[in-house]
Amino acid sequence: MPAMHSVPAPQHVAVIGAGMVGLATAWFLQERGVQVTVLDRTGVAAGASWGNAGWLTPGITTPLPEPAVLRYGLRAVLSPSSPVYVPPRADARLLRFLAGFARHSTPSKWRTAMQAYIPMNRRAFEAFDALEAGGVASMTNEAKSFIAAYRTEAERSVLLDELGHIHSAGQEIEFDVLTGAEAREVEPSLSDDIGAAIRLHGQRFINPGHYMHALADSVRARGGSLVTGADVVNVRDEGAGVRVVTSAGADERYDALVLATGTWLGELARRFGVRTVVQAGRGYSFSVAIEHVPAGPVYFPAQRVACTPLGDRLRVAGMMEFRSAEAPLDRRRILAIAEAARPLLRGADLDARTDEWVGARPCTPDGLPLIGRTGSPRVFAAGGHGMWGITLGPLTGRLLAEQITSGHQPAEIRPFDPLR
Ligand SMILES: Cc1cc2nc3c(=O)[nH]c(=O)nc-3n(C[C@H](O)[C@H](O)[C@H](O)COP(=O)(O)OP(=O)(O)OC[C@H]3O[C@@H](n4cnc5c(N)ncnc54)[C@H](O)[C@@H]3O)c2cc1C
C-alpha cells in the first residue's frame with residue numbers, strides 16, 4: 001500500500017528531550033534515513049531516565065491506576081515516610097490529575113488499559129535487541145534472579161493476585177512461589193526478616209545512566225546532532241516546517257518535531273491539542289555497597305522499594321510523590337527508603353549512600369502514554385509512560401519513527417493517541 005502522507009516524509013526532525021524516549025526515537029528515525037537533531041535544556045538523561053531502577057520488565061508492566069493503588073493512596077498519602085505522597089494543598093492541575101486517576105482506578109478501566117499494554121510488552125525486548133544489534137554499546141542484562149520479597153505470605157498475596165489479573169488479561173509471565181529460606185538461597189542479600197517471595201522469570205535490567213550515554217553516543221556516531229543547554233520555549237508550525245525557539249534566542253526550522261520532554265510534555269504539547277495532564281510522580285534513589293551484589297533486581301512490594309545491581313553497588317529506589325517536578329529533593333524521603341530497606345537487606349551499607357537523586361515519572365491520569373501525531377501533522381508527542389518509560393521507551397521510538405516516516409499509525413500505538 002502506498003504511504004499516505006498529509007505532509008511529505010520529513011528529512012530533518014528535531015527531537016526535544018534527551019531521555020530514553022527522545023534518544024530512542026532519534027535513533028530509530030536514523031534507521032529510516034532521517035537526519036535528527038536532539039535538543040535538551042540540560043543534557044543526556046537529565047530527567048527521569050538517569051536514577052530510575054532500570055528494570056526491563058514487560059512481564060509486570062501494567063497501568064498505574066488500579067484499585068489497590070487508590071485504596072492505598074487515600075489511606076497514607078500525607079505522611080513523609082509513606083511511599084505515596086500528595087501535598088495537603090494540591091494545585092488545580094494536580095487535582096485534575098488525581099480526579100482522573102481515581103476515575104481510572106477501577107477493575108474494568110484497568111482491564112481495558114492492560115489490553116493496550118499487552119501488544120507493547122510483547123515487543124519491548126525486540127526494540128532493545130535492535131539497538132544492540134545496531135551498535136549501542138551498552139548491553140541489557142538478563143535478570144538471573146528477579147525476586148519480590150515479603151515478610152509474610154499475607155503480604156505476598158497482593159502480587160500473586162496481580163499476577164493472576166495479568167495472566168487473565170492474556171499476558172504471560174512465569175514465576176515461582178518461594179519460602180523465605182528458598183529466596184535467601186537464590187539471593188543471599190535478603191535478610192532473615194524475609195518470610196515469603198516470588199521469583200519472576202524472563203525479565204532484564206540495565207544501568208540506566210550508562211545506557212542513555214551509550215544511546216546518545218550511537219545517535220551522534222550515526223551523524224545526529226545533540227544540542228545540550230537548549231531550553232525550548234516555543235514551537236510553531238509554519239505550514240512547510242516547524243520553528244523551534246530556545247530561551248537563548250536560537251531559532252531553527254525543521255521538517256517535523258518530536259516532543260519527548262518527559263514530565264514537562266504538557267507545556268509544549270498543549271498548544272497542539274494535547275489535553276491529557278502529565279503529572280510528575282517523583283521518585284528517589286541512591287546507591288550503596290552491599291556484601292553480596294544480587295544477580296538481578298530485588299523488589300520489596302509492601303514497602304514499594306526497588307533495588308537493582310549496578311556494577312558492584314546496589315541502587316535502591318522508591319516513592320511516588322505527586323508534586324511539582326521542580327521541588328527540591330526532600331531528604332526525609334531518602335531516609336524513609338533507607339529505613340524501609342534496612343531490615344530486609346543483608347550486608348547493605350545504607351548509611352554510606354552515594355548518588356542521591358530525585359526524578360519525575362511522567363504520569364497520565366489514565367495510565368497510558370501519549371505517542372503519535374498531535375493536532376499538527378508535523379508535531380509528534382512521545383512520553384507519559386509513568387513507571388515504564390525505560391522498558392517501553394525503545395519500542396515507543398521504533399513505532400513512532402514508523403509513523404513519522406510512513407504516515408501510518410502502527411496498531412500498537414493507536415490506544416496512546418495524544419489527542420484522546
Ligand atoms: C525512582 C524511579 C524508578 C523508576 N524505575 C523504572 C524502571 O525500573 N523501569 C522503567 O521502565 N521505568 C522506570 N521509571 C520510569 C522512567 O524513569 C521514566 O518513565 C522514563 O525515564 C521517562 O523517560 P522520558 O524520556 O519520557 O523523560 P525524561 O527522561 O524525563 O527526559 C525528558 C528530557 O526532556 C528535557 N526537557 C524537558 N523540557 C524541555 C524543554 N522545554 N526544552 C529542552 N529540553 C527539555 C529534560 O531535560 C529531560 O532530559 C522509574 C522512575 C523513577 C522516578
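Not measured: the values here are computed from a predicted model. In listed order, ligands and their atoms are each counted from 1.
Note: no N/O pair closer than 3.5 Å links Ala360 and ligand 1 by distance alone. Of the polar atoms of Gly386, at least one N or O is found under 3.5 Å from an N or O of ligand 1, judged by distance alone. Considering backbone and side-chain N/O atoms, Ala48 comes within less than 3.5 Å of an N/O atom of ligand 1. Of the polar atoms of Met20, at least one N or O is found under 3.5 Å from an N or O of ligand 1, judged by distance alone. Checked against a 3.5 angstrom limit, the closest N/O atoms of Met387 and ligand 1 fall inside it. Between Trp55 and ligand 1, a contact under 3.5 Å exists for at least one N or O pair. For the pair Val21 and ligand 1, the shortest N or O to N or O distance falls below 3.5 Å. The distance criterion of under 3.5 Å between nitrogen or oxygen atoms is not met by Trp357 with respect to ligand 1. For a threshold of 3.5 Å applied to N or O pairs, the pair formed by Thr263 and ligand 1 contains no separation below that value. Distances between N or O atoms of Ala45 and those of ligand 1 include no value under 3.5 Å.
What you find for Pro301 and Tyr150 is that their closest heavy atoms are CG-OH, 3.1 Å.
The CG atom of Leu159 lies 7.0 Å from the CD1 atom of Ile60; values are rounded to the nearest 0.5 Å.
Here is the list of ligand 1 atoms found below 4.0 Å of a heavy atom in Asp231: 40 (C), 41 (N), 42 (N). Close contacts between ligand 1 and Ala53 involve ligand atoms 3 (C), 4 (C), 5 (N), 6 (C), 8 (O) [criterion: under 4.0 Å to a heavy atom]. Against a heavy-atom cut-off of under 4.0 Å, Gly19 is close to the following atoms of ligand 1: 25 (O), 29 (O), 31 (O). Ligand 1 places these atoms under 4.0 Å from at least one heavy atom of Gly17: 33 (C), 34 (O), 35 (C). Applying the 4.0 Å criterion to heavy atoms of Gly47 picks out, from ligand 1, the atoms 29 (O), 30 (O), 48 (C), 49 (O).
Considering Gly389, Gly43, Ser49 only, the shortest heavy-atom separation from atom 23 (O) of ligand 1 involves Ser49.
At least one cation-pi condition fails for Arg204 and Phe128: the charged atom is not both under 6.0 angstrom from the six-membered ring centre and inside a 45 degree cone around its axis.
Using a 4.0 Å cut-off between heavy atoms, Ala230 contacts ligand 1 through its backbone alone, with no side-chain atom that close. Neither the backbone nor the side chain of Glu267 has any atom closer than 4.0 Å to an atom of ligand 1 (non-hydrogen atoms only). Contact annotation for Ile16 and ligand 1: only side-chain heavy atoms (C-beta onward) come within less than 4.0 Å of the ligand.
Ligand 1 has at least one atom lying under 4.0 Å from a heavy atom of Ala260. Residue Pro362 places a heavy atom under 4.0 Å from ligand 1. At least one heavy atom of Asp40 sits less than 4.0 Å from an atom of ligand 1. Look at Gly281 and you'll find every heavy atom at least 4.0 Å from all atoms of ligand 1.
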(request) Go through the steps to decide whether Trp55 and Thr391 satisfy the test side chain to side chain donor-acceptor pair (under 3.5 Å), and finish with yes or no. (result) CA-CA 7 Å; Trp55 294 4; Thr391 303; over 6 Å; no

(message) Is there a salt bridge (charged side-chain N to carboxylate O under 4.0 Å, His left out) between Arg122 and Glu412? Walk through the geometry before answering.
(response) CA-CA 10 Å; Arg122 273 198 196 117; Glu412 289 90 340; over 6 Å; no

(message) Run Arg243 and Asp251 through salt bridge (charged side-chain N to carboxylate O under 4.0 Å, His left out) and show every step you take.
(response) CA-CA 7 Å; Arg243 200 160 280 284; Asp251 183 338; 2.8 Å; yes

(message) Set out, in order, the CA-CA distance, both residues' side-chain angles and the distance that settles salt bridge (charged side-chain N to carboxylate O under 4.0 Å, His left out) for Arg342 and Asp351, then state yes or no.
(response) CA-CA 10 Å; Arg342 195 183 298 278; Asp351 296 317; 3.0 Å; yes

(request) List the steps, then state whether salt bridge (charged side-chain N to carboxylate O under 4.0 Å, His left out) holds for Arg93 with Asp91. (result) CA-CA 6 Å; Arg93 196 180 65 159; Asp91 62 21; 5.2 Å; no

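Inter-residue side-chain proximity for Ser138 and Asn207 is flagged as unmet; no heavy-atom pair is nearer than 4.5 Å. Residues Arg222 and Ser218 are in side-chain contact: their nearest non-hydrogen atoms beyond the backbone lie under 4.5 Å apart. Taking the side chain as every heavy atom from C-beta outward, Thr57 and Trp388 approach each other to under 4.5 Å.
In the displayed structure, His210 atom NE2 is contacted under 6.0 Å by at most 12 heavy atoms of other residues, nucleotides or ligands. Within 6.0 Å of NE2 in His167 there are 12 or fewer heavy atoms belonging to other residues, nucleotides or ligands. The number of heavy-atom neighbours closer than 6.0 Å to CD of Glu291, taken from other residues, nucleotides and ligands shown, is 12 or below.
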